[in-house]
Amino acid sequence: AMLSALLPGLGEYYVGNRSKAKYFFGAEALTWVGFFAFRTYGGWKEDDMIRLAAEKADADLEDKDDEFLDWVGFYQSIDEFNTLGREGDPDRPYLEDTPENHSLWLSDADREAYRELKNSSRSAYRRSDFMIGVAVVNRIISVIDAVRDAKRSNRRLDDEFGDKEGFNYRFSVDPLDPDTQVTLT
């Protein structure tokens, strides 16, 4: 169980079920390939989104939180954010038009492209998180399977080496034997 928790398939390999171990090893490898692929893709889309906002909206999005990224994609400019956004939500902060808060989209198509990049990036990151869940499930299944395989393996050993009709005990006492006087077999 511990081996399978460490690396899915290792427990199966240990108890001698090498064909099952290959499947668990393969699933684990594909899970981590998927995780890193989705993370990389999400990072590329995020970089493209930041670059597009800098070129087409003159917005600096480095180290900004997700809420600010949403605002930039939803409103045409920081002025629109302050006027329309605060009408619907008066508790929303007022952002001055400073270089760190500035945004002014040149066209709606550019803003739509920004939103598509943002959504693609977030979707890729969510999928990478899902792959972590797949890795956990793979481990759980492998642990359960390895324990079952170990129990089957132990049963086969008992059948091979044990008496088929059950256990027989023999107790003997030999007071004349100088080496062994009591034996339990």
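Since this is a predicted model, take the numbers as computed values, not measurements. The first residue of the sequence shown is numbered 1, and numbering continues consecutively from there.
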S107-D110 side chain donor-acceptor pair, cut-off 3.5 Å:
yes
If only atom types and distance count, is the side chain of T83 paired as donor or acceptor with the main-chain N or O of D79 below 3.5 Å?
yes
Under the salt bridge (charged side-chain N to carboxylate O under 4.0 Å, His left out) test, which residues partner E112, sequence neighbours left out?
R115
Crowding at CG, D65 (>12 non-hydrogen neighbours, <6.0 Å)
yes
Considering only Ile, Leu, Val, Met, Phe, Trp and Tyr, and joining two whenever side-chain heavy atoms are under 4.5 Å apart, list the other residues clustered with M2.
none
Residues pairing under ring-ring contact (aromatic ring centres under 6.0 Å, His included) where one sits in residues 81-119, two or more places apart or in two chains, turn out to be W71-F81, Y75-F81, W105-Y114
How far does CG of D63 sit from CZ of F68, to the nearest 0.5 angstrom?
12.0 Å
Heavy-atom nearest pair, L117 first then L52, reads CD1-CD2, 4.0 Å
Using every non-hydrogen atom in the two residues, find where R139 and P8 come nearest and quote the distance to one decimal.
CG-CG, 3.5 Å
How many angstroms lie between atom CG of D58 and atom CG of L106, to the nearest 0.5 angstrom?
8.5 Å
Can you see which heavy atom on A21 is nearest to which on G9, and at what distance?
CB-O, 3.3 Å
Correct closest heavy-atom pair for S77 and L104 would be CB-CD1, 3.6 Å
dist I78:CD1 -> N101:CG (nearest 0.5 Å) comes out at 5.5 Å
Do F130 and F38 belong together in a cluster built from hydrophobic side chains that touch within less than 4.5 Å?
yes
When rounded to the nearest 0.5 Å, the distance separating NZ of K64 from OG of S103 is 9.5 Å
Residues clustered with I144, ILVMFWY side-chain links under 4.5 angstrom
V136, I140
Please test R111 against D108 for salt bridge (Lys or Arg N to Asp or Glu O under 4.0 Å), starting from the C-alpha separation and ending with a verdict.
CA-CA 5 Å; R111 187 170 51 136; D108 286 336; 3.1 Å; yes
Say you draw a straight line from CD of E62 to CD1 of I50; how long is it, rounded to the nearest 0.5 Å?
4.5 Å
Looking only at heavy atoms, which two atoms of L61 and A53 are closest? And how far apart?
CD1-CB, 3.4 Å
Neighbour count above 12 (heavy atom, 6.0 Å) for R18 CZ
yes
Counting only pairs under 3.5 Å, give me each side-chain donor-acceptor contact of residues 39-48, with atom names and distances, residues two or more places apart or in other chains.
unit_1 : atom_1 : unit_2 : atom_2 : d
T40    : OG1    : F36    : O      : 2.7
E46    : OE1    : Y125   : OH     : 3.0
D48    : OD1    : R51    : NH2    : 2.7

Sequence neighbours left out, what pairs pass ring-ring contact (aromatic ring centres under 6.0 Å, His included) with at least one residue falling in residues 5-32?
W32-F35
Shortest non-hydrogen separation from S4 to E12 and the atoms involved
OG-OE1, 3.3 Å
Under a 4.0 Å threshold between the charged nitrogen and the carboxylate oxygen, would D66 count as salt-bridged to R122?
yes
Verify the cluster assignment for L30 and I132: are they in a single hydrophobic cluster under the rule of side-chain heavy atoms below 4.5 Å apart?
no
